[in-house]
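The structure appears right after this line, and notes come after that.
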Amino acid sequence: MVTPVAMPTFGTQEGEFRAVRPLQVSRSEGRQTASLESYYRFWIARYTIVPLTDQQAWELSVFLSDRAPFVATHPKKPRPLAYRSAPLSGTRAAGGAFNGDAVLNSLADRASPEISGLPANFIFTKGDLVEFRQSDTVRSLHMVSTAITGNSSGVVTLPLDYPIPSDFTTSATVHLERPGCVMTITSDTQGVQPTVNRGFGFDAEEVFLP
């Protein structure tokens, strides 16, 4: 089994990170239009990372040449917007330290799962990212579709932009701190090895591993 590697976190990360759902459109006589939308949505990213020290440039050269699957995260959304200024911490409503991990209670509605293990009255903003992790290789990244606040018991029914895949069960874990998905590098956007002055950039797409 391939184990995704961690994405380098040094340097200043800029770029594009968004979900796509391919749509094919065809036209015919009489101004008729038909469209076919892919069942599966996936994430794409374009990163630029600068500046770099000599050691960092060497390490990134290896990361780029290996092209191993890696855990990709959004450069501007490391955690929910209401708590963006510092890593998630505090106390869960039910007791115990909170580090951004939560519990998946119910998948009765895969587009609005019930989540627990949060601090009381936890705030979600429309556009926040949430990761559901069935295993190290099986992850699903989603956006919150409507702003909502959890209850005093640390429980929330969370509206998502896209249903959680059918192969996920309630044994999956929920992650709000640096949520991500598994991607692979598809191209080196700068066409050069990373250097101290130029940094480096690359494109990546989500891959579905067993």
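The first residue in the sequence is number 1, and the count goes up from there.
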When rounded to the nearest 0.5 angstrom, what distance separates [atom1] in [X] from [atom2] in [Y]?
X	Y	atom1	atom2	result
Gln134	Arg139	CD	CZ	12.0 Å
Asp203	Glu16	CG	CD	8.5 Å
Leu176	Ile115	CG	CD1	7.0 Å
Lys77	Met143	NZ	CE	6.0 Å
Ser153	Asn121	OG	CG	9.5 Å
Ser152	Leu118	OG	CG	12.0 Å

Shared ILVMFWY cluster between [X] and [Y], side chains joined below 4.5 angstrom?
X	Y	answer
Leu209	Ile44	no
Phe208	Met183	no
Leu141	Leu81	no
Val2	Val182	no
Leu107	Val130	yes

What are the two closest heavy atoms between [X] and [Y], and how far apart are they?
X	Y	result
Glu131	Arg178	OE1-O, 4.2 Å
Ser145	Leu160	OG-O, 3.5 Å
Pro113	Ile164	CG-CD1, 3.8 Å
Leu129	His74	CD1-CB, 3.6 Å
Asp101	Arg92	O-NH1, 2.7 Å
Pro78	Pro179	O-CD, 3.5 Å

Q.
For the backbone of Pro210 and the side chain of Thr137, can you confirm whether one donor and one acceptor N or O come within less than 3.5 Å of each other?
A.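 Answer holds: yes.
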**Q.** Donor-acceptor contact below 3.5 Å, side chain Arg41 vs main chain Val20
**A.**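 No; judged by distance alone, with no hydrogens or angles, the pair does not exist.
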**Q.** Aromatic plane relationship, Tyr83 with Phe122 - under 30° parallel, 30 to 60° tilted, over 60° perpendicular
**A.**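 Phe122 and Tyr83: parallel rings.
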Q. Parallel, tilted or perpendicular: which describes the rings of Phe17 and Trp43, with under 30° parallel and over 60° perpendicular?
A.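 Because their plane-to-plane angle lies in the 30° to 60° range, the rings of Phe17 and Trp43 count as tilted.
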Q) Distance only, no hydrogens: is a donor on one side chain within 3.5 Å (strictly under) of an acceptor on the other, for Asp136 and Thr3? A)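 No, because no side-chain N or O of Asp136 sits under 3.5 Å from a partner of the opposite role on Thr3.
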Within the structure provided, determine whether [X] and [Y] are in side-chain contact (heavy-atom separation under 4.5 Å).
X	Y	answer
Arg84	Lys76	yes
Phe132	Val174	yes
Pro80	Leu88	yes

Q. Who else is in the cluster with Val103 when I, L, V, M, F, W and Y are joined by side-chain contacts under 4.5 Å?
A. none
Q: Check the pair Val144, Thr125 against side chain to side chain contact (heavy atoms under 4.5 Å, CB included), reporting the backbone distance first and the verdict last.
A: CA-CA 7 Å; Val144 175; Thr125 303; over 6 Å; no
**Q.** salt bridge (charged side-chain N to carboxylate O under 4.0 Å, His left out) partners of residues 108-117, not counting sequence neighbours, each pair once
**A.** none
